[in-house]
Structures are given as C-alpha cells and as structure tokens.
Amino acid sequence: MQEKYIHADIEPAAQTIWRQNAADCAIDAPDRPKYYCLSMFPYPSGKLHMGHVRNYTIGDVLARFNRMLGKNVLQPMGWDAFGMPAENAALANRIPPAAWTYQNIDHMKKQLQSLGFSIDWTRELATSKPEYYRWEQWLFTRLFAKGLIYKKLGAVNWDPVDETVLANEQVIDGRGWRSGALVEKREIPMYYMKITAYAEELLAGLEQLEGWPPEVRQMQKNWIGKSVGVRLAFPYELDGRKDLLWTFTTRADTLLGVTFVAVAAEHPLAIHAAKNNPEIAAFIEECRLCGFAEADLATMEKKGMPTGLFVRHPLTNDAVPVWVGNYVLMGYGEGAVMAVPAHDERDFAFAKKYGLPIRQVISAADETFDLDEWQDWYADKIHAVCVNSGKYDGLSHEAAVEEIASDLARLSLGEKKTQFRLRDWGISRQRYWGCPIPIIHCEQCGDVPVPDDQLPVLLPEEVTITGAGSPLARMPEFFEAACPKCGKSARRETDTLDTFVESSWYFLRYACPDKQDAMLDERVNYWCKGGIDQYIGGIEHAILHLLYARFFTRLIRDVGLPGIEIPDEPFRNLLTQGMVVAPAFFRKTPDGKKTWFNPAELTIKSDERGRLTAATLNADGEPVEVGGMEKMSKSHNNGVDPQALIDRYGADTARLFMMFAAPPLQSLEWSDAGVEGAYRFLRRLWRIVYEHVSQGVTRANETADLPAPLKDLRRKLHQTIAKVNDDYGRRQQFNTAVAAVMELLNAYEKTNLDTAEGRSLAQEILESVVLMLFPIVPHIAQTLHAELKPGEDAARARFPVVDEAALAQETISLVLQINGKLRGNFQIGSDADRETIESAALAAAENAIKEKAVKKIIVVPGRLVNIVV
RNA sequence: GCCGGGGUGGCGGAAUCGGUAGACGCAGCGGACUCAAAAUCCGCCGCCGCAAGGUGUGAGGGUUCGAGUCCCUCCCCCGGCACCA
C-alpha cells in the first residue's frame, strides 16, 4: 500500500474500475426494486459552477447510498441546452449558439466525470437535439388539437431601438440592457398553455406530496391562489349601446362601498375615453412604459385619471366614475377592478390621493372609523359586519357575500366564482435558440399544426445573431412553407418555445432516451412508477419549474400514450438544496449600470478576523465596490470555479467539503478556508488505514464480548453506523454524518488497540468507516477498501449493519438540574425505575438542596432529572 | 409590496419530539518533533470573572419545572414574483 494519499493517482484509477465494471449503469430490470435519483439538469453555460458540484454531489451520495442498500439505481444526466445565454455568447463571440452549446457540453461532461459521479452516461440527452425536441413538437400538436394550447395577446418588453423583445432580466431600471432605450410594453399574439384548467388538480395534488418540503408545498399553494369570490358587472351605455363592465372581487360584502372602478390602460373603455381627450391618451401612453412584473406593479406609485365615463352600480343604479389606473393589468382577470376605498388599503391610498369619496360599509365592535388614517381592521373579514348597506346591514362577511351574490344572480349581473391567482402559461418566445413552434399560418386555414410526417421542424444551426429580432424571421428557407391543409403558400411560425417546456418532461425521457418512433415507451412504467424516488435541485425552482413539471405529467397522461403509465406526481421526494452564495463585486458606470467582476480577477483584502473589507481589480489596481452575499450566478459574475479546487485537491476533497460545510437545505457560504480541513481529514484517514494495513490485515471482529475500553469503542462504532445510516436515509443531512465518522476516528485514535482483539476491532471499524464514507468520497474509499479487503470491490459492497448487541449499556449518565439549572451528572443503571432514579438524584443533589423543600421532581427517561425546590 | 425561508462563538455549523447550547471542522494560542520550515502529533479555546459563580442562540415581551426550539411584536438577510435558468 502507498504510504501517501495521492488523489491524482487514485481518482483516475477508481474511475477506470467503475467504467470497466459498468458500475454506474442502470439496468432495465422490472423485477428489481428501483431507485430513480434525479438531479436537475444543468444549463451548459460553459463550465460547472459550485451550485452544480453541490447539487450533483448530494444526488450522488443518495444514489450510491441506495445502491449500497441493494436498490437498482438510475442516476441520469442531460443538458437543458436551449436558452438565452447561447444567443448572448453568439453576439459577443461570433460563435453560433449551437456550436457554443455543444462545446460547453463537452467540457462540462468531462468535469462531471472527473468528479466521479455515478451517472449512467448511456442515457445522456440534450434538449436542443431534434431527437428530443421533436416529441415536444409532437405533443404541442396534440395539445393544440385539444384546445389546451391556444393563442391570445400577451404583453412583452419591447426595445424600440434594437427592435426586439427583451426578457425581464434584460430590462434594467426600465431600459434595454444593450440600447439603454426606455422599454415599452407591447401586446403581441402568443401561444398559451391552459395550466388554469389543471389549477384545482395541481392544488389538490400538493396534499399528497408528503416527500416534499412543506414550504415548497405552501409556496405552490399560494402561487395557485384559489379564492372564492363574486364576478359582477357594472352596466353602462356608450354611444347608445348597452354593455357590461365585468370585475371580480372577494369582498362582495363591501359592494355598497364602491365609489369608483378602475380599468387598465388597454381596456376598451380607456381607449374610448382617450379618443377625444389628449390628457388621457398621454396617460395611457405613459402606462405603456410601465413594467408588468408583479414586483414592479406592487411597488410603483399608483396613478390614475378619471375617464369622464360612468357606469351604473349593479345594486343601487348610482353612477360610478370610471378611472384608468396604471396598476390594473389587461391580462389579469377582467382588466377592471371595483374600488372600495374604505376597506381596501390600496384603494384607500388612491382615494386619499385623488380626493375620491370613502364610504364606510363595514364596522367592528369597539373600533372607530377614521377617514384620515388606514387601520388594519378596515379590511377584516372575521369581526366585521355590514353597515350603511341597506338590507344587508348587520350581516357577517360570509352571509353578505351569499346574499349579494344571489341578488346579483337574479339581476343577471353576477355570480359566485372560484378564481385562481395562477395564470395561463405563455410559451411563445421571440428568440432563435429554442424549440420551433410547430405551427404554419395560412391565410385561409388559420393556424395549422405541422402534421406528424413533417416533424420535427428542424431548427437551422448555422445562423448569424444580430441582437435585433429572431434570425428565423429573416430566413425564407425556414419560414416559407406550404399549408398542410390547402397546400397554398403559408408562413411558418418563427417563435420558439419557452425553455421551461423542455425541462418539464426530460425526466420521463431518461427512461428511454433512445426511443426512435415515440415520445416514451414502456420502460417509463418501471422507472417512473410511483414517481421519481428522489429529485434534487435548487430552492429557486420551488415554484415555476416544479409546477410546470407537475402540470406536464398530467398533460401527457391526458393526451394518452398507449401502454404507458405516467404518474400524476412526477417527484415523490424532493430535496431543495440551498444556494451557494459568495460576495459579489461591482463598479458603477456613469449611466448607473453595474458591471460585475469575478473574484478571480480581483485582489481581496480582509481584516485580522478574516472579514472581507475591500477589493481591487487586478487589471488596473483600482478599487471595486463590495456588494452583499449573492447567489453564485452569471448575472452577478461571482462564481468560484470549482475546477481549481478539483485540480489542486481532487474530487473527493471537493465533494467532502461541499457535504461537510453546510446541511443540504441551507445556503452554503463559499470560503476557501475549510477545503484544507477536508483534505487534511482524507490524508488522516489514509494514514490511519495505512498504519493498520502495514501491520497486516486481519479478520474483522464480530463479537460484543470485549474488554471494557474496546466494548465502549465498539458501541461507539455501532452507534455511528446507526447515526450515519439515519443521516443518509431519513434525514438527508450529510454534514452530521461526516462529523459522526470524525468523532468515531477521534475515539479510535485515543484507544489502545495493540492486542489481537484490538486489531480485529480496528479492522471492523476501518472497514465500516470506509464504507460509510463511500457515498461521499468514493475514490479514496474504493482504494482503501481494496487494501482492507483485498480482491473486493467497494462499489458492490453493502452498507454496514448495526449489531444491536454492541449497543447494550449497563449504566448511563443522567443530567442533574435544580430549578432548571445544570448542577452536574450522576450514574445510574440503564434499567433503573423512576423511584431509584429520584432517590439517586436527591442523593446527588443533597449539598445543593440543603434545607429547602423539594416541590417537584421531573424525570426525563435517559436524559435528565430536574428537582424543583 | 406579496409569498416562502433564515439569523447560534472570530468563522462554517451541531443540538433529530420542549430537556447538558456550542458536537464536528476552520481560524487562533501554547507545546512536542525538526538545524529550520512544511507536514504531523498533544493541549487550550463563547463572553465577564483570579475564583466561586454569573451570563449567553437578531431585539423586546410571553407560556413552561425547563425555550435556540412554542406564542406575540419588531429589526435585518436571502430566495421567488410568471421572458435568467
């Protein structure tokens, strides 16, 4: 055995053994218990970042641990290969997005392999390959036929200088990131997926997801946002034509408090009012410059303008003024809201600002309504009753809603309605590097889906990106097409699909990535039965990706693939890892934009306590500003390259550091310190095994009948096995598993094992330690295991089993408290009854109690005794 | 703004069901080995205090024999907010 731990020698050697034995391949074996362990696939941005290393190490630990429990493990990997960064890179470097992407995939795959992840590479897929996206197009045509995909107008960010649609990320303080032009809101036709048709089912499904973190279920529940309210109409007459202005409210009980209604700038009433009023037209124009992100809407100054138009109150027939509001959006709900300033905080502020009437229609006992100041009880549903509301006076919230809804129904001006916050999913993107939407626009036949025999609609890979519009719209060879129905010349859709579509079903395709003539085959029935056993990915995906994936399994189920069973819920167990965060550094350009610098380009200064204080850019020696801790990301350019870590210390150190530095759910603060410690531990482990092996390996101890110090050490071993097993399996908390093994090794080194019995116990401990660490540091464990048990392969070994006999203990130590304060310990037989414990505790506490009267004795079995005096 | 999470020594973190706060590691300090350094090994290490003891888990209050853990109010940080992935 080598005396020194040299990771550069043992890591490639271990990987060669695994490759030769096909140790990482998942076998389609329907008779064996399966464990499908899935990590969120990466976007091939160039090189791995720390978040990937963390995510895939967690996945690999679980995959290897479950393999050691005898399960048939599938751990696949692929590439979320479509997306905007490839187009940005193309602009910057003049490389076509396809070439850039595939070059990144090659590099990142090598990096993943060098980390020793037990990934079944025979199942690798990339979403940008026609073999993959053709089935997405196929599914699109089926969903289009079923009406689950439809077309309507939707708002986008329009850069008037670059004449292109911008992603939210590309809009910085209301301006285009490249042109600096003020971004406008523009309504364009887009395809939508009817996720709202599944809102009820997606909500109900959350109840069953016991293997999901409760906070993720809560977030999805709130996102779907089911509320029961009343859809009601305000009648009006315009140019002699009668019409209805529809709104939705959850507070129909306050209907008599309505003093105005507000409509969106794009609402027909607003547009009508603008015709003869340049001020309103100017205001509507101003609204076009507002963003439409929810956060912008919620925080911006609420502005409005009277249109001069009036509608009739549905119950009183009073005239109600119509305002245009910049906070009302056409695409959400009805594009109009009723305003009750007295009982809605936003309406209250709006009414105060514009001097609109505030009419109290709710009161609560002991509370006084004060026109000058908003108080939280004004919006209270629980304690309030109707006032100033005629026949509804005295009714509670629920009763009033019921009464008013049925009165409105009688007038055909309203009904009770369940509404969801969830909106249909806009899937059209005016971008090149994505899956082409399989639609042909024919002047006569309308939107015609591309027939199966013309699929896939291939995305041309040799293109020039200019930053202005999609290159597809400039390629007649792409967009010129014959209508599949009438044969006349027609125009192919040049928008592509949102990349969230690809990531909504890739996990099903891993079961059968080589299937040529169908989306999926029966191998899905084995691997995905009951859902994927474990899904691991960033908490930032808690809502969108995870909701879309849940939606998609239901879509595919309902489209129906013969002979294939799709689980409703794709992910049985979910682990949301915390982010890897690091400080971010930037400079502001004169126009206020921030330029972010990578720590690798900087010299960072810190104080004597190790806290970072300042940084300078190596290129010019000038200072940069130190921002806060941010998620490692492209946008903040604060990623630390894991490659340097792997090159210097090896894959096992990188993996161990990642698992030991923080529990998986928590965010992990990157720091260079600590890596050394992980490396030191591996060297120490190597040395300990070397010292044992160089005296000759022996047969592992199997008996609990040992002298006291050895018995204690062996108890520690089996307690550790139980703990580590629980940490890997139930708790999924790997930092404490490592800590437990470290503690065991500390005890091992403090015990004299120079007898035959001792050496045999040493053998038992070291074999167990190496196998317990195998999921985290497989290379060193593979190598050391082969030294401890020549001819045996750790990759096929089972996880150590607890010997219950070793756990038995004759006496235990209990904590003694007096009035809840720690006052020492005492020993007692492990089978002592309550009376014995109490008297032993009183004896131990004699000095401290003295004359004081004992009021109460609390005994917590196995833990402590608290004497109250 | 709304939804979700978090705040524990100089630092990362542990304390799993309300029961010894600070496991394990990093940094630091002292020592051994060495010509020396690195590596390694041994010891110390929340704060105040010579000690006895007191005190301590973002701040304030509450429940309890007992609170990092439960309840209320507040502050700060992070994630998401529908076109970043």
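Chain naming here is simple, since letters A, B, ... match the order of the sequence lines and numbering starts at 1 in each.
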Item checked: N/O donor-acceptor pair under 3.5 Å between A:Gln666 side chain and A:Pro663 backbone -> no

Margin query: Using the rule given for side-chain hydrogen bond (donor to acceptor under 3.5 Å, both in side chains), can you reason through A:Asp727 versus A:Thr736, listing the C-alpha separation, both sets of side-chain angles and the distance that settles it, and then say yes or no?
Written below: CA-CA 7 Å; A:Asp727 279 351; A:Thr736 47; 2.9 Å; yes

Item checked: Out of B:G19, B:A85, B:U16, whichever nucleotide has its closest atom nearest the side chain of A:Arg731 -> B:U16

Notebook entry, point to check: Is the closest side-chain donor-acceptor distance between A:Thr196 and A:Asp424 under 3.5 Å?
Noted result: yes

Notebook entry, point to check: In whole angstroms, how far is the C1' atom of B:C3 from the CE atom of A:Met219?
Noted result: 8 Å

Notebook entry, point to check: Of all the choices, B:U40, B:A15, B:G43, which nucleotide is nearest to the side chain of A:Arg683 once you look at every atom?
Noted result: B:U40

Notebook entry, point to check: Say you pick atom P in B:C84 and the same atom in B:C17; how far apart are they, in whole Å?
Noted result: 38 Å

Next item on the list: For B:C84, take OP1 and OP2 only and decide whether either is under 4.0 Å from a side-chain N or O of A:Arg429.
Entry: no

Notebook entry, point to check: Is the distance between the ring centroids of A:Phe82 and A:Tyr133 under 6.0 Å?
Noted result: yes

Check: Taking atom C1' in both B:U55 and B:G22, what distance in whole Å separates the two?
Finding: 15 Å

Next item on the list: Could you measure between the two P atoms, the one in B:C47 and the one in B:A37, and give it in whole Å?
Entry: 29 Å

Check: Parallel, tilted or perpendicular: which fits the ring planes of A:Phe500 and A:Trp425, with parallel below 30° and perpendicular above 60°?
Finding: perpendicular

Next item on the list: Please confirm whether A:Tyr506 and A:Phe41 have ring centers closer than 6.0 angstrom.
Entry: yes

Margin query: Check this one for me: any side-chain N or O of A:Gln666 less than 4.0 Å away from OP1 or OP2 of B:G6?
Written below: no

Notebook entry, point to check: For B:U20, what is the paired nucleotide under Watson-Crick or G-U wobble rules, both distances under 3.5 Å?
Noted result: none

Notebook entry, point to check: Under 4.0 angstrom, heavy atoms only, what part of the nucleic acid is A:Lys4 near: base, sugar-phosphate, or nothing?
Noted result: nothing

Next item on the list: Compare the minimum distances between each of B:A15, B:G25, B:G19 and the side chain of A:Met742, then state the nucleotide with the smallest one.
Entry: B:G25

Check: Among B:G19, B:G13, B:U16, which nucleotide sits nearest the side chain of A:Ile858?
Finding: B:G19

Notebook entry, point to check: Which part of the nucleic acid, if any, lies within reach of A:Phe500 when heavy atoms closer than 4.0 Å are counted: base, sugar-phosphate only, or nothing?
Noted result: base

Margin query: Looking at A:Arg680, I'd like to know whether one of its side-chain N or O atoms comes within less than 4.0 Å of OP1 or OP2 on B:A27.
Written below: yes

Note to self: Please classify the nucleic acid contact of A:Met190 as base, sugar-phosphate, or nothing, using heavy-atom distances under 4.0 Å.
What the structure shows: base

Note to self: Quick check for you: among B:U55, B:G43, B:C24, whose closest atom lies nearest to any side-chain atom of A:Lys821?
What the structure shows: B:U55

Checklist line | Candidate nucleotides B:A85, B:A82, B:G4, ranked by approach to the side chain of A:Gln218 - the nearest | finding: B:G4

Item checked: Same-atom distance (P) from B:C78 to B:C70, integer angstrom -> 24 Å

Next item on the list: Once you apply the 3.5 Å cut-off to both distances, tell me the Watson-Crick or G-U wobble partner of B:U64, or none.
Entry: none

Next item on the list: Round to a whole Å and report the spacing from NE2 of A:His541 to P of B:C78.
Entry: 19 Å

Checklist line | Complementary nucleotide for B:C2 - Watson-Crick or wobble, under 3.5 Å | finding: B:G80

Notebook entry, point to check: Where does B:G68 land, syn or anti, given syn is within 90° of 0?
Noted result: anti

Check: So, A:Tyr132 and A:Trp79: side-chain donor and acceptor under 3.5 Å apart, yes or no?
Finding: no

Next item on the list: Using only side-chain N and O atoms of A:Asn866, determine if any of them is under 4.0 Å from OP1 or OP2 of B:U64.
Entry: no

Notebook entry, point to check: At under 4.0 Å, does any side-chain N or O of A:Asn222 touch on OP1 or OP2 of B:G4?
Noted result: yes

Check: To the side chain of A:Arg730, which of B:G1, B:A14, B:U16 is closest?
Finding: B:U16

Check: Taking the P atom of each, how far is B:A59 from B:G4, in whole Å?
Finding: 24 Å

Next item on the list: Send over the distance from A:Gln220 CD to B:C2 P, rounded to a whole Å.
Entry: 22 Å

Next item on the list: Provide the distance between the two P atoms, one in B:A39 and one in B:C50, to the nearest whole Å.
Entry: 36 Å

Notebook entry, point to check: Under 6.0 Å between ring centres, would you say that holds for A:Tyr649 and A:Phe657?
Noted result: no

Check: Which part of the nucleic acid does A:Arg421 contact within heavy-atom distance under 4.0 Å: base, sugar-phosphate only, or nothing?
Finding: base

Next item on the list: Scan A:Pro663 against the nucleic acid and name what it touches under 4.0 Å (heavy atoms): base, sugar-phosphate only, or nothing.
Entry: sugar-phosphate

Checklist line | Pairwise C1' distance for B:G60 and B:C76, with rounding to whole Å | finding: 15 Å

Notebook entry, point to check: For B:C44, which nucleotide in any strand shown is its Watson-Crick or wobble partner with both distances under 3.5 Å?
Noted result: B:G28

Next item on the list: Kindly label the base of B:C70 as syn or anti, based on whether its glycosidic torsion lies within 90° of 0.
Entry: anti

Item checked: Along RNA chain B (nearest heavy atom to each residue), the more 5'-positioned of A:Asp727 and A:Glu749 -> A:Asp727

Check: Taking OP1 and OP2 of B:A15, is either one under 4.0 Å from a side-chain nitrogen or oxygen of A:Gln733?
Finding: yes

Next item on the list: Give the nucleotide from the list B:U20, B:A23, B:A15 with an atom nearest to the side chain of A:Arg863.
Entry: B:U20

Next item on the list: Starting from the 5' end of RNA chain B, give me the residue, A:Ala298 or A:Leu864, whose nearest nucleotide shows up first.
Entry: A:Ala298

Checklist line | Complementary nucleotide of B:A59, counting Watson-Crick and G-U pairs under 3.5 Å | finding: B:U73

Next item on the list: Give one of base, sugar-phosphate or nothing for A:Val156, where a contact means two heavy atoms less than 4.0 Å apart.
Entry: base

Margin query: Can you measure A:Trp223 atom CH2 to B:G80 atom C1' for me and round it to whole angstrom units?
Written below: 7 Å

Checklist line | Whole-angstrom distance between B:G1 and B:C65, as gauged at atom P | finding: 40 Å

Item checked: Among B:G4, B:G25, B:G79, the nucleotide that comes nearest once only the side chain of A:Glu540 is considered -> B:G79

Notebook entry, point to check: NA contact type, A:Val815, heavy-atom cut-off 4.0 Å: base, sugar-phosphate, or nothing?
Noted result: base

Margin query: Considering every strand and a 4.0 Å limit on heavy-atom distances, what is the contact class for A:Leu665: base, sugar-phosphate, or nothing?
Written below: nothing

Next item on the list: Please tell me which of the listed nucleotides, B:A21, B:G1, B:G4, lies nearest to the side chain of A:Leu822?
Entry: B:A21

Note to self: So A:Ala661, base contact, sugar-phosphate only, or nothing? Heavy-atom distance under 4.0 Å.
What the structure shows: sugar-phosphate

Check: Nearest 0.5 Å, what's the CE-CG distance between A:Met219 and A:Leu546?
Finding: 9.5 Å

